[in-house]
Amino acid sequence: MTENLVMSEIEPAIRENWIPQFESNPNPEKDKLYVNVAFPYPSGAMHVGHGRTYIIPDVVARFWRMRGKQVLFPMAFHVTGAPVLGIAKRIANKDEKTLKLYGGLYRVPAETLEKFTDPITIVNYFADEYQRVMQQLGLSIDWRRRFTTIIPQYSKFIEWQYTHIHGQGKVQRGEYPVRYCPHCDQPVGDHDLLEGDSAEVMHFVFVMYQFGEYKIPCATLRPETIFGVTNLWANPETNYLKAEVDGEKWIISEEAAEKLRMQKHEVTELGRIMGTELIDQKAINPYTGAEVPILPASFVDSDMGSGLVMSVPAHAPFDYIALRDLQQQGKYTDITPISLVTVPNYGKIPAQDIVEKNKIPNQDDPRMDELTQELYTAEFSKGKLNENCGEHAGKSVRQAREDVTREFVEQRGSIMFHEMSQKRVICRCGNRVYVRILDDQWFINYGDAEWKKAVHEELPNLELVPAEVRAEFERTTDWLREWPCSRRVGLGTHVPWDPKWLFEPLSDSTIYMAYYTISHKIEKIDAEKLTPAVFDYVFLGKGDAANLPIDEATAKDLRAEFLYWYPYDYRFSAKDLISNHLTFQLFHHKAIFPAELQPKGMVVFGMGLLNGMKMSSSKGNVFLLEDAANEFGADTVRMFLVGSAEPWQDFDWRNELVLSVKKQIERMWQLVLDAESAEGETPIDAWLVSRMQQRIAAATKCLTAFQTRQALQEAYNGVVSDLAWYRKRLAGAQQGAVVKDVMSQWIRLMAPVIPYTAEELWKKTGRDANGLVSFADWPVADEAKINKAVEVSEELLQRTVEDIQSILKLVQIEAKKVTLCIAPEWKKEVFKIVSGAEDKRNVVKTVMANEALRAKGKEATDAAQQTVKLVHSLAPELVSAIAEGVDEVSVFTAAKEFVEKETGLTVEIVEAETSGHAKAKSALPFKPAIVVE
RNA sequence: GCGAGGGUAGCCAAGCCAGGCCAACGGCGCCAGACUUAAGAUCUGGUCUAUAAGUAGUUCAUGGGUUCGAAUCCCACCCCUCGCACCA
């Protein structure tokens, strides 16, 4: 009975049948299981990396559905945010790269692409595509609950959420330095950058030197070095500005003035002063009161900080070299570096050490930045301040920096000045990005101590898979501070109390899992009626259903449905979301929902690679999920993604590996159909059935723990290898009728992973009388059918045949006959003693304590030593089974023909003691002596 | 730099928490044989080294240490991945 498996022929009908059946409603008869996934932002096509994120939850959903749970697996689309606006704009501008990506890689038809100048069209198009591909992959999603985050009903939900969060004082207005594009007039995220996404915002302190009636601010990352300043540096080429900044007179570069304006400072230009005019003038150190000269230096960059810097030649390589260069010309020879930090492995003047060790010729040497970094790092992590640092003497650099910064800002008129760590930070519009302070921005205060504490207290109740990520959740909870939650541009919900702002995408997606429970019903209600009171009733049980703008029965129904499903059981997401989204969720649930409705578990995934490289749409290194499904079939894609690595490990998609998975599915198909003709009984049936019970138990255990790869290894590779042995043992004879039962169990074990194939086999083998395999009962291991004795016999047989074969391979004689010499009773006694011994080192003594054995003399000590070795090499379970006694003669006699067929030799079975062969003496229990001749 | 995780034979990947069941599960690839007109598929065996007897030797990023015994425990060091915030 052979019939090819052609996925494209079987998939459509099965899929059509499934879709309505996965619509899940509350069922009081059953326990529920609610799983959900971080919803996608549909701005492009799905690639295989996305696939696993949705397939693994589906495998879990299908598994538990078969185990009798009422399972909810919903899906929606996150449309909030700005990226699609940019995409639409670039398409409108006929940007080549974008058109190529969408028209080419994503294969959007030309007539559709024309309409992509409208952002909503883009997300709707891809949302439909996502749904289509997800359905093609057989995801058991309840599609009635699909929504997008910009429908009015959802907006009402978000307004309700923030009414509470804001009401609790957790949303505050504040100022915050952001990367900002003056041209686009908006903050830019990593996604918006053309260049420079590795740049960070650095926080400098302006140390204010007094210069006559003016102040000279010097930007520094190391304010504690104030004690070692010998001079200031100015660039003679720079035309500095005299300016009034926040009511004080400052000297700064033109660029600095512009940056200060962006950072909320009032700057008025008063005049100009050339760098040359500053040189050799004196300024007063605000901390020590010392007068220091202003010296010329070419390395001073007007586009960095204020355009003037303070010089600490003992600890800053740049300063050291600049001073050295001048002194070599005979100038300023009265200046000596002031050492203020002691750091291991460096002398008194660390900057001198490092510069001279590396033989740096001048201040323009390209290695300077690297050396500076090296020394700064060493001093920061290991340095201590010297005696000459006043009250800060003896402190670690780390501590002193913090203290000095605070002191400067609070008492000495310093300000913080923010600067990008690189200059080439370019917005997608092509213009340079600066740091700007936004002061009417809204923040969610995740730094709130009470709130943090509540989340910390909740964390132990949360089941986390894998367990290793708990530390990261703990740490993120600690680390979160104010999160800017509003944006000026993008799609989304307006902040109800300040409608010129919109909620930012990570802030409007923290408790939407609750919304899923009612989304299919609420979408039919006029959004105007969805007042906070309605949500208070539905989600919190507050108020009276009779007094709401919506119908009382509807309100009660929504409440009931929410309570049936909530809290959710598992949320699945890639690990990169731990540090924001996944932890945000915990905060918001804690703030809104009562203790019994907090999230129960999360499963965190690893990342995906394509042919060993990171997947990236922009670099074209992606394989579209739809293409994969078309080329290999949905089941193959599923089985590969589930089986190639455990969910939390990174996986690598390689087409050649995927192909072999396809073959495996076909192999199962063949094995199941082959078994249809089985009938009668065989001596090996009990063994196969026994093994199957253990495969079922193991696969079930693994799936319960989300170990999909391990589960597949049991459910697929394990069963295949058992069947292989079974068929081998039958030596071509008809399979027993029990195989049909085994196949029925096997199909069900595999159904969560390869549902299409399983469904088709279920039907072909006529087991679909009671419905789809997707809803069939998950097999349960029957303890009574586990037959250890039979398994041990087969194991003995298997090992012995292997041994004979390896001997045959080694000896180069034309063998005709093999004699199996079975170990005598007394050696079984030895085995029993050895296996029962606590300490295997002294076991020979224990054996010899037995009088009967001692009488055997050296023979007994040899046997004892060999037995120790043997016992060490066997699984403990097997050892105890052997100790209980195995009738080896019967085992081999019964399987004589099999052994003869496998080895091609005549087989004789004898008691070792009756054999004259020298080798017979080496017989041990479970290891008969083998004589080949 | 800081935080989290990881480095196992040609590749992927178990084992490590609870040291002896480990030459190290499983899969892929590769080699040989069977079947076949042939190819493919399938089946069988092999795949660190040596071996005319089922064995022995050397391996689990690197260097030390603990132990009768270490892939597994401890210390040091190198490398990789993820996160480090206005953003999906």
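Quick note on labels: first sequence line is chain A, next is B, and so on, each numbered from 1. Remember, predicted model here, so these are calculated numbers, not experimental data.
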Under 4.0 Å, counting only non-hydrogen atoms across every strand here, what does [X] touch: a base, just sugar-phosphate, or nothing?
X       : value
S880(A) : nothing
K919(A) : base
P42(A)  : nothing
V469(A) : nothing
R481(A) : base
V879(A) : nothing

Checking base pairs now: Watson-Crick or wobble, both atom distances under 3.5 Å. What partners [N]?
N      : value
A41(B) : none
C87(B) : none
G10(B) : C28(B)
A4(B)  : U81(B)
A52(B) : none
C17(B) : none
C73(B) : G65(B)
A23(B) : none

In whole angstrom, what separates [X]'s [atom1] from [N]'s [atom2]?
X       : N      : atom1 : atom2 : result
M668(A) : U42(B) : CE    : P     : 16 Å
K927(A) : A53(B) : NZ    : C1'   : 11 Å
K662(A) : U42(B) : NZ    : P     : 12 Å
I578(A) : C87(B) : CD1   : P     : 22 Å
L723(A) : C43(B) : CG    : P     : 12 Å

Q.
Going by the rule ring pair (Phe, Tyr, Trp, His ring centres under 6.0 Å), which residues pair with F126(A) if we only count those two or more places apart in sequence or in a different chain?
A. Y102(A), Y106(A), F116(A)
(Q) Going by ring pair (Phe, Tyr, Trp, His ring centres under 6.0 Å), name the residues that satisfy it together with H50(A), two or more places apart in sequence or in a different chain. (A) H47(A)
Q. Is it true that W648(A) and F706(A) have ring centroids separated by less than 6.0 Å?
A.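 When the ring centroids of W648(A) and F706(A) are compared, they turn out to be at least 6.0 Å apart.
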Q. Do any side-chain nitrogens or oxygens of K728(A) fall under 4.0 Å of OP1 or OP2 in G45(B)?
A. yes
Which nucleotide, [options], lies nearest any side-chain atom of [X]?
X       : options                : answer
K663(A) : G5(B), C28(B), G29(B)  : G29(B)
Q664(A) : G27(B), G54(B), C43(B) : G27(B)
I807(A) : A53(B), U44(B), C87(B) : A53(B)
R667(A) : G54(B), C28(B), C43(B) : C43(B)
A471(A) : A4(B), G26(B), A85(B)  : A4(B)

Q: Can you measure from CD (E933(A)) to CG (L905(A)) and round to the nearest 0.5 angstrom?
A: 10.0 Å
Q) To the nearest 0.5 Å, how far apart are CG in L924(A) and OG1 in T867(A)? A) 4.5 Å
Atom pairs, protein N/O to nucleotides 79-83 of chain B N/O, distance under 3.5 Å:
unit_1: C82(B); atom_1: OP1; unit_2: K614(A); atom_2: NZ; d: 2.5
unit_1: G83(B); atom_1: O2'; unit_2: S579(A); atom_2: OG; d: 2.6

Rounding to the closest angstrom, what is the interatomic distance between [N] and [M] at atom [atom1]?
N      : M      : atom1 : result
C25(B) : C84(B) : C1'   : 38 Å
C28(B) : U37(B) : P     : 27 Å
A56(B) : U8(B)  : P     : 28 Å
G57(B) : C75(B) : C1'   : 30 Å
C16(B) : G5(B)  : C1'   : 15 Å
A24(B) : A39(B) : C1'   : 37 Å
A61(B) : U51(B) : P     : 29 Å

(Q) Which residues in residues 500-510 of chain A have a heavy atom closer than 4.0 Å to any atom of RNA chain B? (A)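 Residues of residues 500-510 of chain A under 4.0 Å from RNA chain B: P505(A), L506(A).
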Q. Can any side-chain N or O of D650(A) pair as donor or acceptor with the backbone N or O of G606(A) at less than 3.5 Å?
A. no
Q: Output every pair passing salt bridge (charged side-chain N to carboxylate O under 4.0 Å, His left out) with a member in residues 917-928 of chain A, not counting sequence neighbours, ordered by first then second residue.
A: D803(A)-K927(A)
Q: Using only heavy-atom distances, determine whether the side chains of Q441(A) and S486(A) contain a donor-acceptor pair under 3.5 Å.
A: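 On atom types as modelled, these side chains qualify, holding a pair under 3.5 Å.
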Q: Give a yes-or-no answer on whether the side chains of D508(A) and T80(A) include a donor-acceptor pair shorter than 3.5 Å.
A: yes
Q: Return the minimal non-hydrogen interatomic distance between A38(A) and R571(A), and the atom names on each side.
A: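 Heavy-atom minimum between the residues: CA-NH2, 3.1 Å.
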Q.
Could you report the tightest heavy-atom contact between I930(A) and L820(A), atom names first, then the distance?
A. CG1-CD2, 4.0 Å
Q.
So, under a plain 3.5 Å distance rule, would you say the side chain of N717(A) forms a donor-acceptor pair with the base of G26(B)?
A. no
Q: Using the closest heavy atom to pick a nucleotide of RNA chain B for each, name whichever of A645(A) or E468(A) lands nearer the 5' end.
A: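 Its nearest nucleotide being more 5', the pick is E468(A).
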Q: Select from E666(A) and R654(A) the residue whose nearest nucleotide in RNA chain B is closer to the 5' end of that strand.
A: R654(A)
Q | Test: R52(A) cationic atom under 6.0 Å from F605(A) six-membered ring centre, within 45° of axis | A |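 Ring-cation test returns yes.
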Q | Axial cation check for W501(A) ring with R488(A), 6.0 Å and 45° limits | A | yes
**Q.** Derivation of the side-chain hydrogen bond (donor to acceptor under 3.5 Å, both in side chains) call for Y446(A) and H588(A)
**A.** CA-CA 10 Å; Y446(A) 294 117; H588(A) 285 259; 2.8 Å; yes
Report each atom pair, protein N/O against N/O of nucleotides 14-18 of chain B, whose distance is under 3.5 angstrom.
unit_1: A14(B); atom_1: OP1; unit_2: Q649(A); atom_2: OE1; d: 2.9
unit_1: A14(B); atom_1: OP1; unit_2: Q649(A); atom_2: NE2; d: 2.1
unit_1: A14(B); atom_1: OP2; unit_2: Q649(A); atom_2: NE2; d: 3.2

**Q.** Whether Y512(A) and F39(A) hold their rings parallel, tilted or perpendicular, with breakpoints at 30° and 60°
**A.** parallel
